[in-house]
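Values below: every heavy atom of this structure, side chains too, minus hydrogens, waters and symmetry copies. In this chain, residues are counted from 1 in sequence order.
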Amino acid sequence: MISHKSGKGEKFPVRVVMGKEYTHPDDPDHFIESIRLFDGEKLLGEVTFTAGMLGGEGCKGHAEVTFNVVPMGKKMNLVAQAYCTKHGLWENEPVTVEVTE
């Protein structure tokens, strides 16, 4: 588990990259369709993609998005999910963000 700190009410960026070590196909029947960010069970944001966003058939890359989050409360447990049209749902290990006053 990774711990980060952020000030209450201060916006901070959360960058989500699908396929850090390996690139992902961008074929019509095999691509990253969405990336979602949760704080525990609460959905904070979602981005959807279409085939071709990384260059199209035969191309590979990393689907990525940056969510700008304003923390509320004392702690956040961030989890990112990505949906691949061929392999299904991927989810990272939770990242804890401690919110300072």
Which pair of heavy atoms, one from Asp29 and one from Thr85, lies closest together, and at what distance? O-OG1, 3.3 Å

Is there a path of hydrophobic side-chain contacts, each under 4.5 Å between heavy atoms of I/L/V/M/F/W/Y residues, joining Phe12 to Leu44? yes

At their closest point, which heavy atom of Val99 faces which heavy atom of Lys75, and how far apart are they? CG2-N, 4.2 Å

Return the CD to NE2 distance between Glu57 and His30, rounded to the nearest 0.5 Å. 12.5 Å

Is the closest side-chain heavy-atom distance between Val69 and Lys11 below 4.5 Å? no

Before you tell me yes or no, could you show the steps for Phe67 and Val47 under side-chain contact (heavy atoms from CB on, under 4.5 Å), namely the whole-Å CA-CA distance, both residues' side-chain angles and the distance that decides it to 0.1 Å? CA-CA 9 Å; Phe67 296 97; Val47 175; 4.1 Å; yes

Locate the shortest heavy-atom distance separating Glu64 from Phe49; write the atom from each residue and the value. O-CZ, 4.2 Å

4.5 Å side-chain heavy-atom contact, Val79 and Asn92: yes

Taking all heavy atoms of Ala80 and all of Val16, pick out the closest pair and write down the distance. CB-CG1, 3.7 Å

Once rounded to the nearest 0.5 Å, what's the spacing between atom OH of Tyr83 and atom OG1 of Thr48? 13.5 Å

Test your reading of the model: is there a side-chain donor-acceptor pair from Asp39 to the backbone of Met76, 3.5 Å cut-off? no

Taking atom CD of Glu98 and atom NZ of Lys74, what is their separation to the nearest 0.5 Å? 12.0 Å

Interatomic spacing from CG in Leu43 to CD in Glu41 - rounded to 0.5 Å: 11.0 Å

Please name the pair of heavy atoms, one in Ala63 and one in Leu54, separated by the smallest distance, quoted to 0.1 Å. N-CD1, 4.1 Å

For the residue pair Pro28 and Ala51, what are the closest heavy atoms and their distance? CA-CB, 3.8 Å

Mark yes or no for whether Asp26, through its side chain, and Phe31, through its backbone, hold a donor-acceptor pair below 3.5 Å. no

Keeping the roles fixed (side chain from Asp27, backbone from Gly58), state whether a donor-acceptor pair exists under 3.5 Å. yes

Run Val70 and Glu10 through side-chain contact (heavy atoms from CB on, under 4.5 Å) and show every step you take. CA-CA 6 Å; Val70 177; Glu10 294 178 15; over 6 Å; no

Could you give the distance from OG (Ser34) to CE (Met18), rounded to the nearest 0.5 Å? 10.0 Å

I'd like to know if Ile32 and Val17 are part of one continuous hydrophobic network [Ile/Leu/Val/Met/Phe/Trp/Tyr, side-chain heavy atoms within less than 4.5 Å]. no

